[in-house]
Amino acid sequence: MRALPFLSLYLSIAVSPQHGASAQERTLLNAYKTPLELLTAPGNYYFLEFPLHPDNENANENDQGLQPMCGNGSPYSFVFKRGTDAHVSKLLIEFEGGEACWEEGSCTCDNPDSNDLLARNNRETPWYNYLQNLEEGITAEGYFPTLDQCRGIESGFVQTGSGYLFGNDMFDVPIALRGLSEDTSDVTDTAQEWWEALGGSSDNDDVRDWSYLLLPHCTLDWHLGHRKDPVATGCTNANGEETVYHRGGVNVEFVKDWITTQFDSLDALVVTSGGTVGGCHSSDLEKSAKHTSSIAPAFLGTRLGGIDLQDQDTPNSVLVMMDGSNLFNPELPSYIDMKDRWDTVDIGSSEDGSDGSTLRNTMEFMVKNSFPQLQYAWLASELGGETSFGTGTSASETLREESEEEMWLSMVKSSRPNSFHVFVPKDVDYSEATCPLYAFPNLPSSDQEGVRNFVGEVTNFMSWSEDVATSQASTESSGGFHPTFLTLALCAAGALWSIWIAYYILYYYRSTHSQTLPSSPTELWLTALTHSPRLFLFISLLTPVLFSYAAYAQSGYTLPINLNFDTYLEIDSDMESVARNYDAVQKFQEGSLEIEESNCAVLNGELFVSKADKDAFGVRKDREDFGVRNLKNYNSTFGSKQTITLEDASFQMEIESTTHTDSRNLQSGGKGQLISILYQNRNGGTVFTPETLYEIYDFEQALYNYPGFDR
């Protein structure tokens, strides 16, 4: 397991926590009161939670009167990573996997005597143990930022502590934390992993620059439950008989509301389930059934893509990627099981409601009735090979299970041939069951090359792919004629040559037939000029005016004219260019830090920024650029807000040049401006590789050679 070395200092004194035992629980950013406009740092991770006891409790319930929460009653939280400004409206959503239970006594129990703070029990979010039992000691030593950072947490810190924050091992990590390749030191390795192919064929569209959401699974119900009261698991803990809240569907519902409130529109949406290539199979069918990948991503993708965000005329703007290989397990819960235990509201009933076909029947209905912009990437089991369902007493029984999946896939694909894409892996090793929490990690036994090629082919259908964009641009450009200056010049020259050619043909014809010779084009031009000078002048002026107006309209009725006379006097040397760029970066850094401090003051001061007041989506602004709202008047979950001014709130934010200098990357020292640099390998892993060190050396040499730089 990947871990922080210094965390081991605290493991010997920590005890296994029980929810509610702590007098003062540590909290995260309040998702109800944290708008996207205050999450301004691209690439940083924000941990947001839905508090269980807000000021107005009834305002934070759904139509059934339910609040979001995890299985053990702890608050539900999720992770958001803001994309770069160019890609902030492209969103990748990853659902965490994990087992479910639908009968009392079938749930996997924790060891009540264990002091392992890192063990996942799927009753709470992955980072909850760390937040309540490790964070205070670690952050006190200055090793790691707190998870409630209003500035977000840099990806380097999150990657370093991923084993403690996400409960993963070296292979099973969330998509946002995965590098370019397994061996990041090999700069010649250009092969894409499957998640990189999600960005499409454009070199400028890296999926790691997109916005990202991670939804943890902490309710033992595959993100589907809406049950109000807790139910017994058949396990015991320090408080006696253990109970669990099955509210996974409620949690997803509130995250969906947060997304629709924060985003005006999405340019791209990818929703993926946790799972592994070929499925999580085991000779124990009941155990395998518990680790079935959730179909909740399909529900969320359908609702976001078809109703809330996308223009109905925009095709192929939503991709749902699912592991469907385990949906033919005969031990899956029936409609009755899920309704009685989880109180599901989205699952459709099968004919008698008592068999395990409910989940795949629901998926079949969704695919056949999905919106035009939805595309499905379905990862099946290894059809015709060794599968976990080939455990019957005879070869014919094995073939029957395999044929059932094949026939179902063929039927569904025939209903949506252009939007339902199926991948059948090859050479999957089922000898040892592996059930990862996150989406299709690069396991040694999985067909990663096949998945990579499959995802690349599917994304070629998507609206954000370069191939589709090029095709659409070609279609749009073919709708009208947009001549260039060279085209017009050639047309004029062609017309002139045509006139002279016609003249010589006519001249030759009349001279051979003893007829009156025609006037030349030059003579006709002089005659028109001398006999009708006003008309000739009017036509001479009208022609360039018409062409100029056409060019002006083509440029969007704008004239890019540089009116800054000082720029004409600038020295355009390399040194001056570096100096100007450096000054611009410095001002941007100072402005960004001021915005972050303003945002933190707004969040800590319980003020809300109205999303309706911003001019354009995704643009980072100072607080003066948008209205500020008082959260005490925030009367619904994501509802209306009453506007007040900063003066009305008796709120002062004066940021001086000497304030919070210890938290800035650009500081003021005795010798002038100081630059603190934190190096991070974008591809993941260490920066201590020969190639990276050479790049660092070259970069620092460039700084040392800068005029006026004092080491």
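The residues of the chain are indexed from 1 along the displayed sequence. This one's a predicted model, so the numbers in the text were calculated from it and none came from an experiment.
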Peer 1: Hey, what's the ring geometry for Trp210 with Trp464, parallel, tilted or perpendicular (30° and 60° as the breaks)?
Peer 2: perpendicular
Peer 1: Quick one: side-chain contact (heavy atoms from CB on, under 4.5 Å) partners of Ser293, sequence neighbours excluded?
Peer 2: Ser273, Asp323
Peer 1: Could you tell me which non-hydrogen atom of Ile295 sits nearest to which non-hydrogen atom of Met366, and how far apart they are?
Peer 2: O-CE, 4.4 Å
Peer 1: Return yes when atom NZ of Lys368 has more than 12 non-hydrogen atoms of other residues, nucleotides or ligands closer than 6.0 Å, and no otherwise.
Peer 2: yes
Peer 1: Can Glu364 and Arg360 be said to form a salt bridge (Lys or Arg N to Asp or Glu O under 4.0 Å), step by step?
Peer 2: CA-CA 6 Å; Glu364 178 183 344; Arg360 65 175 179 268; over 6 Å; no
Peer 1: With under 30° as parallel and over 60° as perpendicular, where do the rings of Tyr32 and Phe254 fit, or are they tilted in between?
Peer 2: perpendicular
Peer 1: Over all heavy atoms of both residues, which pair between Ser463 and Ser317 is shortest? Give the atoms and the distance, please.
Peer 2: OG-CA, 3.5 Å
Peer 1: Step through it carefully: locate the ring centre of Trp195, locate the ring centre of Phe440, and say whether they are under 6.0 Å apart.
Peer 2: no
Peer 1: Fit a plane to each ring of Phe50 and Phe78, take the angle between them on a 0 to 90° scale, and name the class: parallel (under 30°), tilted (30 to 60°) or perpendicular (over 60°).
Peer 2: tilted
Peer 1: Taking the six-membered ring for Trp and the full ring for Phe, Tyr or His, determine whether the centres of Trp378 and Phe423 are under 6.0 Å apart.
Peer 2: no
Peer 1: Quick check on side-chain contact (heavy atoms from CB on, under 4.5 Å): which of Leu214, Leu304, Val270 does Ile93 satisfy it with?
Peer 2: Leu304
Peer 1: Is a side-chain N or O of Lys90 found less than 3.5 angstrom from the main chain of Asp267, in a donor-acceptor match?
Peer 2: no
Peer 1: For the pair Trp102 and Trp222, name the ring-plane relationship: parallel under 30°, tilted 30 to 60°, perpendicular over 60°.
Peer 2: tilted
Peer 1: From the options His246, His223, His291, select the one residue that forms a ring-ring contact (aromatic ring centres under 6.0 Å, His included) with His217.
Peer 2: His223
Peer 1: For Tyr245, give me all partners under side-chain contact (heavy atoms from CB on, under 4.5 Å), at least two apart in sequence or on another chain.
Peer 2: Met69, Pro230, Arg247
